[in-house]
Structures are given as C-alpha cells and as structure tokens.
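Everything on this sheet refers to the single structure shown next.
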Amino acid sequence: MITSKSSPSSSSVSLNAKEAASGTGFLPEKAEPSSITSIDNGSLADGDDEKVDDVALFLKEGDDSKDERPAVAELKPKPASVPQLFRFATKFDIFLCVLGSVCSVAAGVIIPAMTIIFSSLVQALINFNTWIIEGKVQEAHDLLNHEARKYCLWFFILGLIMWAVSYGVNACWSIAAENQGLRIREMYYESIMRQDIGWFDSIETGELTTRITNDVNLVQDGISEKFGFIVMNVVSFLTGFIIAFVKAWDIALICLCVLPFMIASVAFMGRSVARWTTFAQDQTAGSGGVADEVLGSIRTVHAFNGQQRELERYSTKIEEAYLFGRKKGFVLGAGVGFIQFFIFVMYCAGFNFGIWRIYTGARVPQQVLNAIFALLIGGFRLGGTAPQASALSTAQGCAAKVFAVIDRVSPIDPLDTESGKVVDSITGKITFSNVHFTYPSRPNVPILKGFTLDIHAGQKIALVGESGCGKSTTIGLIERFYDPAEGDVLIDDVNIKEYNVGALRRRIGIVTQEPVLFSTTIKQNIKWGSIDAENSEPTDEEVIEAAKAANAHQFISQLPSGYDTLVGEGGALLSGGQKQRIAIARAIIRNPDVLLLDEATSALDTASERLVQDALDKLSANRTTISIAHRLSTIRNCDQIYVVREGVISEGGTHDELVKSGGEYAAMVRAQELRQAVRAAETGVDALDDSEEDVDELIAKELREQALDLKATTQPSKHSVAESSAGADGDAVKGKDGKKKRKKTLEESSDYYLLWRLLVEYRGSMSAILPGTLLAVIDGAVMPCFAVVYARLLISLSDPDRETMRHEATKYACIFLVFAFVGLFAMFGRAGLFHIAGESLTRKIRYETFKKYLSFEAGYYDDEHNGIGMLTARLATEAEDVNKFIGTVLSTFTSTMATVITALVVAFYYDWRLALIMVGTWPIQVVAQYQQALTVRGASFKTKKAYERSGQSAAESIRNIKTVATLRREETFIRSFNTHNRIPHDSNVKGAFVTSFGFGFSQACNLFVNALIFYAGCHFITNGWITMPEMTNVLMASTFSVMSIGLLAQFSTMISKGAVASRGIYLTLERQSKIDGMDTSGSRSEKFEGNVEFADVGFSYPIRPDTKILKHVSFKAVAGKSVALVGASGSGKSTSILLTQRLYDAISGHVSVEGIDVRDWDIMALRDSMAIVGQEPILFNYTIGENIAYGKPGATQKEIEDAAREANIYNFVRNLPDGFDTSVGQKGGRLSGGQKQRVAIARALVRKPKLLLLDEATAALDSRSEKVVQRVLDKAAKERTTLTVAHRLSTIQDYDLIIVFKNGRIVERGTHDELLAMKGHYSLLVEQQSLQVTH
C-alpha cells in the first residue's frame, strides 16, 4: 500500500516567527489537509511493464493541484507598514528623506500661509469698499495701492521660496526612492539567488521576474516624490488647522469635529486598497508565470495549435487581476469621495458658526476669513492627495511578498562565505551512508531508501537504472541541492553539511543530459565553467584547448564570429550536439576534483560521441567520476557500474562481470543490441576491434569535412549580399507596403500621440470612462463654482447690515452642503471609475499583446532582443504604465480641464481684462510642465529598456537555476543584474535634478499668478474699471485654476512612462508575423494521407542568414511509410522537422504536404493533421488528462484514456490518487523522463495524426523504458506516415527508408540493410554504436 499526503500550498511563503511578527510578509490561512489516498497493488494488470514503483516514482514530485493553487480569496495577506517601506534606506537615503521632509513641510506650510496674505488683501478690499461707501475715496485708493504692493511682494517672495523647497521635495524624494528601489531590486534578486533548489520547485519563473519588474517598481513609486507630496499636502491641511486655531480657535474647534470622520475614511481606504492590491498583484504575477511557461515553450504551443487554450489560461489570470483591481477602484473612489464630502461639511459647519460669531460681535470677518480660507486651501490640497495615497497603499500591498522573499533565510545558502569548511581541493572520496531522501514537496514519498555506496578517490563509477529510480537524485545530493532526511553524505570523510556550499560546488564539475547555455557568446559560456572566472579568468588559449578537447573547436572556428558568436537564449541558435560539446568544454576548463556526468553524450551524433567520450575519459582520469548513462557503451570502461532500483543499489561490478551475471544490467545491454547481420557475417567481432584505429581516422576525417563545409556555408556571397541590399533598398523605396508604412508611421509619431491613439482605439474597453468623465467634469467644475459662492459669501460679510449679512452669508454657507454631496459622487467618478477603466484597458492590452506574441513565428523568439524575460517584463510593465496614466493622470487632467474651463467662463463673465491676464499666465505653466515631461520621457525610455534587459538576465538565471548553482555563477548573474539596473538608476538620479527645476516652477506659479492677478485687480479697481465683487470672483476662480494646473506637475513621470509604454505596445501590436500561427486562411487537403516532399530546399535561420543549414535537400515521405533522418549534430535533421510543421519557411525550394506548398496551407489545419514527440517533451502545468487533450482540444474522456492505453501509460495514471486529474507541475517536472515521454506520445496519438514526427523521441529513456516506448511508437507508425530523427540507430533499423544527412545535404538513402551493405557513412555510424556483449 502506497499513501500520499498533500503538501503545503506552493504559493505560500514560509516566514519565521520574527518575520511574521514584523509584518514583512503574509501568512495564508491554514490549508485543509487532504485525505490520504491508497493505491492497491493488485489493481495493476499482470504482465504490464508499469509497476507500482512507477507510481511511487511519480509521487516523489507530487501532485494535488488544488492544494498548490489555493483560492486567492482564502489568503490573508498582511501589507507592509509605512515605516517598513523605508527599511532598506541607508544613512544617506535617510538624510535625503529628512531633507525632503523638511522641504515638504516648508512647501506645505507656504500654501496655507498664503491665505494669511490672501485674507489680509480681501480685508483690504472690504475696507476699500466700506471707505468708498463712506465717501473716503482718496484714502481708500491710497490704502488699496499700498496694501496691494505690499502683499503682492509677499506673494512673490513666497513664490521664490516655494520654487526652492518644491525643488527639494521632488529631488530629494526622487533620488532617495531611486536608491532604495535599486537596493530592493538587488536584494530581492540576491535573495532569490541564495535560495535552496527545493524552494524553486514550487515557484514559477515568471512570477519572480514579474515581481522584479512590476512589484518593485510599484514599491519604489510609493516611496518616491509621491510620498513627499503626501507629506506636503497633509502638512498644508494641518497648517490650515493651526492657522485656523490661531485666528479663530472656536471655529477651528467646530471644524475639528469632522476630522475623525476624514481620518476614518483615509484609514479604511488605505487598508482596503493595500489588501486588494496584494491580491491583484498575485494574479498579475501568476499571469507572468503563465506567459513565461508558454512563450518559453512556443514551438510546442504552435505544433499543437495550443494558442487559443493558452490565451484562455492567461486571460483567466488577468481577468482575476482585473476583478481585484476593480474592487480596489470602488474602494478608492468611495474613500476619496467621502473625504471630499467631509471637507465640504467642515466648510459648511465652520462658516455657519463663524457667521454666527460675527453676528454676535465675537469675531470680525477677517478672522473668520483667515480661518476658513486656510482650511479651504488645506482641504483642497488634501483632496488632491488621493492619487499619491493610492500609490502608497499599492506599495504597501506589493511590498508584502517582495520583502518576504528578501527575508527568507535559505537552509542551503550558496552565497554564504562565512559558514562551513572552505577547501581549495578535495580528493574525491564520496560515501553515501544509509541515505534516505524525500523531495520537500512530497515528504511522505521516499526516493532513496537506505542508499549506501562507497566511491574511492579517483574512481570512475557509473549508475544505471530505470527513469526515476533515484540516480539523478544522488547527483543532487552531492551538489548539495538538497539534504538527506536520514543518513549522511560524506566527501573525504567529512559530512557534506560541514562544507561551505559555494566552495564545495567549485570543486565539482557537471555535464547534464539537457545542457543549458546562457545568452552570451560561446567564449563566455566556456569561461563561466572555470572555478573563478572573475578573479582568474581563463585565457583565450585555454578556452580553445577546452573546445578542442570537447571536439567543438572545428565547428566554432568556422562560424562567422567564431568564439564571439552569440548562442541565443538557452543556446537556441545551436544544435543539440553543438550545445552539448560546449557544455563539455565548460566542464573541461573547470578541471574539477569530482566530475558528474548525467547523460553527457546523449545529444551527440555517433561521429562526435566517440571522440568526446575519449575526451571525457581523459578528463576523468585521476579524479572521481560519477556517470549516469542510458547509452551503456559510454560507461563500459568504468571501474564499477551500479544498478539502482527503487532507491537502493541492486547490483554492482564491472561491465564484464555484470554481463556474465545475467542480471538486470545484462538485460539492459541486450536491449541495446543492433541488428548488424551484414557486418557480422562479413567481418566478425575481432575485425571490428582490429579496425578501431581506422574507424577513428574515418571519424576525424568526416568531422574535418563537416567543419570545412560549414566554413563554406557561412561565407556570404557577394550575390547574396547584393540581393539583401537590393531587397532592403527596394522596400525602402516602395514605402507603400502596409507593414513599411505602418512602421514609418510609428517612427514619425510622437510617444504622446501614440498614447492618445491608444486611448481612442481602445475606448470600447473602457466603458467606465464615460460616466467617469462626466463625473470628473462635474468634480472639476465644483471648485470654480464653489469659488463663486465663496466670493459672494465674502462680499456678503462686508454688508454693514448685520441681519442682511447673516441671512445672505448663511444661505451661501448652506450651499456648501450641496457641494458636499455633489463632490462625493463626482470624486468617486474621478478616482474610482477612471481606475476601473484603467484596469479594464490593462486587461485588454495584456490580452491583445499576449495574443500577438502567440501569433509570431518561431524566428521572432530567436532574436536576443525578444528574450522570454524581456517579453514577460513588457507584459507586466507596459500595460501597468498605461493603467497609471488613465487611473491617475487622465482623471486629474479631465478634472483640471473642467476646472480651467469653468474658471475661464467665470473670469470672463465678471471681467474680461483680468481673465485675459489669467489666461496669459497658463502657457508659461504648460510649457514648464511640458519641458519637465520631455526630460522625464527620455529617462523613462532608457529606464524601460534597461529594466527589460535586467528582467531578461533575471529570468534566464532563475529558469536555469540548477546550472547557475552547479557553475557557482550566482555572483556573476548578480553583478550582471546590478549593472543593468545601475544604468537607469544613474540616469534617473541625474534627471531628478533637471525635472525638479520644472516641478518647483510649476508649484511657484500659483503664487506668482496670484500676485499678478491681485496687483492688476487692485489697479483696475482704483481706476474704476471693475468693482470689488467682480475682482473677488475672478480672483477666486484664478486661484483654484492655477492650483489645479500645478497639481498636474506631480504626474509628469506617469505621463512620460505611459507615453513610452504606448510605443512599446504598438511596436508589438503592429508587427506583422511572417508565419501567423493563428491565421486560418489558406488551402486544405480533402484527404490527408501524410505525403511529405522536400524539393531542392535551402534554409538558413533568420537570426543567422549567412549560415546555410539545408542545401538542396530533396526527399519524399510516402503515405503510410516510415522515414528516418540520421546524421551528425547540426546537419539539418531537426530543421527538416521544423520546416514540415512550418515553424520556419524555406529560403529556396519548397516543402509540400499532400502536394500543397506549406506556405499555401491553412496553417492551423496543417498542424492539426500532424503530431510531434520531441527529445525534450514539453508538458504544461495542467493535469495529465489536460496535457493529453492538448493534442486535441475538446477530446472526450474516452479518447484521452484510449490514447493513454496506446502510449502504455494508462495503468500508471489510473492508479494515481487523482488519476487523469493529477497535475504534472511546471514543464512536467513532477514526472520522470519516461513518464513525460509517454504522456507526450499520448498527446500526439490522441490526434490520430496521419503524419507523426519523432525527434529523438527515446533519447532520454533508459533501456527498459525505451523498449516500452519504442513498442508504442512502432505500433503508432502503422497506418500513418512517420518522419523520425534519431541518433540511436537501434530505434530506426526497421524503417522503410533511412536518409543520411551530412552538413545540410543528403549523402545516402536506403533501408538499414542496404545502407550497411554500402559501407559508407551509415555503416560507420552503426559500428560506433556496437556493444560487445559477448566480452
């Protein structure tokens, strides 16, 4: 009986008690324990190749997707507190924050302090009006002229001070935020690099990279100048209260009664916005995980026409993020609306009380005016804090998970240089002592069960056995990716836990079955294999020697850029064999004390394998070597060979001893025998041994020919260059082609135009913006209308008749309640509905962008500028920048325009002269803000590109974390990441000094304009051109309009980022795919039989057009026949499969299926008619049933089960706890190689294809699994055309036709026996794979 228990949620972040108490993360609700499921051994069919052990091996990686993806609603995230947002500030940053706070306080004090001058001027106007009534005309004129000059001079002085302190606010907070944001990014990424491998098992790459590019940006946004604006506006409000207390304490006390309601509204809004932000960012990060998985497996998605399914999966994530964002919008709108409501209620209560106090003679009008106007200005500034408060709450929500990762202490920290024993060398004695091990995700399912093994120093041993038996687990324990649950792993008689992790890994070299190269040059990839590439970098000569030893120098030296050739992301621009040889050179240059080989030559063609194996044999001399191999020919000379079964060693000995014993190993050897009847009859065993030297010479000769031919194909001819240039010139001259014209339009259009165009084109996705605009207009009109009522109230206070004064003033004061209710709903529209519209557009943009990515041809992803990390970063940030623009800037701009227009109408209504002066000042403000925005835009573009590059670097390293760990290149990638981030940081710091100048001026304009309007208005009054009521109305309208325009200056960064993002969005959306995988136009065949023809096909990959991969290739695959493509690595075999699927198009000649050129086919129908199983089968993070159904959307359960039976995996799946509903994990990581391969075969067979494509379909399998899978494939090959790429010739010896490729050309074709009789290239390949089982 085998039992399993669900593991904790993979989305949970483990925090220790101290972290939880500090509030730096979140704690999920306790998950419900799942029931324990039993598997009955007896339920398995007798004689089936799959045993209960297969189920147990699967369970090591786990399942139970329900537990691992809990409903978001069940999580209880705890946002970071405001002080915690600044936890990574240095002393200098704190100094900047303190200095910025001082400037914010000063700026905040100046605005309400202006009201003292304003009230004094208003009092002067009231006195002027009174003296005129009393007949004191000359005295009134003298008084007004004197007061106007004096107070306007004070306005000007305050304006200069405001300019200086506002400069300090923007500069200090911006620079401090840039420093802290850089530090958070660096610490977050460094913390990721510190984590143990077990932690990565439950984390999606895309989620981590999305948080780097998006969440950290939002955290930085919340502690940037926006925080300074919050301080400034809150201080303005509090200063208003202080002034009110000084001028009229009783009135201030009445107003103070409303303050608790405002504070409650702010607190509710802050907590709720932070909470919903956390939920929304979780879903956004999840969508990044989906995008990373899908775009990283784009060839598989295209091959099975999975674009729509993946689009729906991505859409589900962004839909959930939108729903949470919408809730955030409602809460934000309601919170800001109620704040506005209570501000007006405060005005109403304060004025009514003040009027009564004036009526009773306890107060004079100037005191009341001073108090109320100070509160009025303070309230206006507080109301404008909503966008900044939203940014702060968002930062608190995003910081929760970012800080949780930073705070997590890794149990196995490779960057810890202090702990553990540091060694410069080890002898290589390795001991496994009764080791028990379970993977952290499945603690109840043992993998190693008392594994015991002694490896002497310098000994060369091999581990063989079925897929999933625990062989690779032992390598993981030696590398200390994991720690055993029981028992010990000793190196040189020292427990591995006592070593310093980084120092230990430097002494170990490894070559894996699936080699990972990084997106840099070949030279750099090899150099990174050295022990200390930074401080003791290998010379170019050492690199070349390593490449020669790995049999890679010849093909590298013939590439156009030689060792400086870029290999592409994951080495995508090289063939599998070429990647493997570079990986081996990387291990050779390390000169390790312990060498680990995990199927190190599995991807090599037979011509290369022997020489590379010789190089590995030389490398392994005098050092401990552990080999894991399925090709038993590669380990026959090992000192000891051990067979691993069910987590223990079942037998051991030398090759000859194990063959003679007739046990499991001997059975594996027999399974790999080739049928070489022709050769055996003519020569015999001894002949092969005698001719071994001749064979090596033939191989060397063939490889030299390959290199020379490669050199010939990589030299661009003058004719081809001329054609290329002519083509380019022709396109440029034409300029009428749709694509060219569209591209030219983008180049000619400004970023701001593209932003406007984006809003217009996608207005249908922003239904909330229509009522939002209406309410924002109303909100904008509120303040000028309020100013008119306020001006009338001021005038009424000058009425000498107390009863009339009381009646009129109370009437106007009560109208403030109307503004309160109007402001409540209007502000909700401005803050809430615009935010909802922004979230809706964000969802639409991400959907359309991701859909566009899915339609792009495979060659698009080969370009280094389109790395998966870059694309996921664009998905995360571009739409978010547009979202901020709509939710914050556009709403404020709409409201401001309404304010300006209403103020303009009011001003022109009362006096056109003052109105013209007011309008004349606006261009100065607008130009200053536009220049500020241009400066920010330039920095925003550079920042965006740099963050994309850093995101790409982060994504590549996280996706390949095991390779990074084995090479001990964590510091290398950390330095690279930090370098990419410091470029925009330095640029933004310099830009802050420039942009702050414009911001300071825009804030000072409010005082400058008021001084000008006051002075001109007083001059007009003394000349008798206008009356005091007219001047007061114009003055109030001008004050609020200028303040509104000044508020826009706070959003210049958002405007610029939104504009830059819009260009990036259009560059994606308007790019025309060369092969649109979602285009259903084209021809279809009435009867698809599987006929394939290559007619004089020539091909080069778009990224390297001068390197010819296929040259005049012609062959036919007839319906119902099986055709095999064999030959050296890089000879064009897999490329032929890609062309058949039309993942690329031939440069010359044509590929046709059913007599129709693939370029004329309905591409989705073409791909639906075929199926592929690759060497590295890609499964998606679905259930087993869903992965099988991936081959046929809408497949019934019966069809899924029938395909599983055909693939010989039905019984295995049936006996899993959740059966076909079992999740396979990211990239199928919870299945062993053989299990993944069989699911991939079932996925192919469920389509019932007439054309089956097999690309090294059994290369990753052990002998037993290969036998099972090969039987399945042989059965599948009946009644359908099969096109197979293979290095293991035993898998294709019965094929109807075998085609031998060499350097992109076909050199031989025939059946297995016919080709052997030719004694040519194929015969040589066969001889190299022979096993001498009789010895």
Side-chain angles (χ1 to χ4, degrees), residues 13 24-26 77 79-80 84-89 93 173-195 203 205-227 274 277-278 280-282 284-289 292 391-408 869-870 872-881 883-884 940 943-955 957-958 973-974 976-985 988-989 1053-1054 1057 1061:
V13 177
T24 56
F26 71 88
Q84 286 173 334
L85 293 177
F86 296 91
R87 55 184 290 199
F88 298 109
D93 296 331
W173 284 106
S174 296
I175 294 172
E178 283 293 337
N179 293 340
Q180 293 172 80
L182 175 67
R183 201 166 298 113
I184 292 172
R185 283 186 188 87
E186 291 179 348
M187 294 185 70
Y188 181 73
Y189 181 66
E190 181 179 330
S191 182
I192 291 173
M193 290 291 99
R194 285 183 179 274
Q195 301 308 314
I203 300 292
T205 301
E207 179 179 342
L208 293 174
T209 54
T210 298
R211 292 196 185 281
I212 290 176
T213 55
N214 196 33
D215 288 26
V216 177
N217 284 350
L218 293 175
V219 173
Q220 179 180 326
D221 196 44
I223 60 176
S224 65
E225 70 278 2
K226 291 183 176 61
F227 194 88
T277 296
T278 302
Q281 289 305 117
D282 283 346
T284 301
S287 70
D292 183 83
L392 179 61
S393 298
T394 299
Q396 290 179 268
C398 293
K401 284 200 170 180
V402 173
F403 290 175
V405 172
I406 292 175
D407 291 335
R408 185 180 189 273
M870 289 184 178
T872 53
R874 291 172 197 167
L875 281 170
T877 57
E878 288 179 347
E880 182 62 33
D881 286 339
N883 183 12
K884 290 179 186 177
S940 297
T943 299
K944 177 177 179 292
K945 291 299 180 185
Y947 283 155
E948 283 180 3
R949 288 192 293 271
S950 68
Q952 171 66 15
S953 175
S957 59
I958 295 170
F973 279 95
I974 289 172
S976 173
F977 179 82
N978 293 349
T979 300
H980 286 311
N981 279 283
R982 287 186 183 277
I983 295 172
H985 168 265
N988 290 341
V989 168
T1053 300
M1054 290 187 183
K1057 286 185 176 180

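Index from 1, following the sequence.
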### Query
Can F88 and Y188 be said to form a ring-ring contact (aromatic ring centres under 6.0 Å, His included), step by step?
CA-CA 11 Å; F88 298 109; Y188 181 73; over 10 Å; no
### Task
Keeping the roles fixed (side chain from S191, backbone from M187), state whether a donor-acceptor pair exists under 3.5 Å.
no
### Check: R211/N217 side-chain N/O donor and acceptor closer than 3.5 Å
no
### Task
Measure the spacing between CZ of R874 and CG of D881 and express it to the nearest 0.5 Å.
13.5 Å
### Query
Does some side-chain heavy atom of F977 sit less than 4.5 Å from a side-chain heavy atom of S957?
no
### Pair K884 + E880: basic N to acidic O under 4.0 Å
no
### Query
Do the rings of F227 and W173 sit parallel, tilted or perpendicular, given the 30° and 60° boundaries?
tilted
### Query
Can you check whether D221 reaches T394 side chain to side chain, under 4.5 Å on heavy atoms?
no
### Query
Is a salt bridge present between K401 and D215, judged by a nitrogen-to-oxygen distance below 4.0 Å?
no
### Query
Is a salt bridge present between D407 and R87, judged by a nitrogen-to-oxygen distance below 4.0 Å?
yes
### Query
How about N179 and H985: do any of their side-chain heavy atoms sit closer than 4.5 Å?
yes
### Query
Which pair of heavy atoms, one from S976 and one from S953, lies closest together, and at what distance?
OG-OG, 3.6 Å
### Query
How far apart are the C-alpha atoms of T277 and C398, what are their side-chain angles, what is the distance that settles it, and do they pass the side chain to side chain contact (heavy atoms under 4.5 Å, CB included) test?
CA-CA 7 Å; T277 296; C398 293; 3.9 Å; yes
### Task
Determine the minimum heavy-atom distance between A399 and A80, stating which atoms define it.
CB-CB, 3.8 Å
### Query
Looking at R183 and A89, what are the two nearest heavy atoms and their distance?
NH1-CA, 4.1 Å
### From CD (Q220) to CG (L182), nearest 0.5 Å
8.5 Å
### Query
Is there a donor in the side chain of N988 and an acceptor in the side chain of E178, or the other way round, less than 3.5 Å apart?
yes
### Summary
All heavy atoms of D93 vs all of Q180, minimum pair found to be OD2-CG, 3.9 Å
### Query
Any side-chain heavy atom of I212 within less than 4.5 Å of one from L208?
no
### Query
Any Lys/Arg nitrogen of E186 or R982 sitting under 4.0 Å from an Asp/Glu carboxylate oxygen of the other?
yes
### Query
Can you name the nearest heavy-atom pair linking A395 to L218, along with the distance?
CB-O, 3.5 Å
#### Entry: Separation of H980 NE2 from Y189 OH (nearest 0.5 Å)
9.5 Å
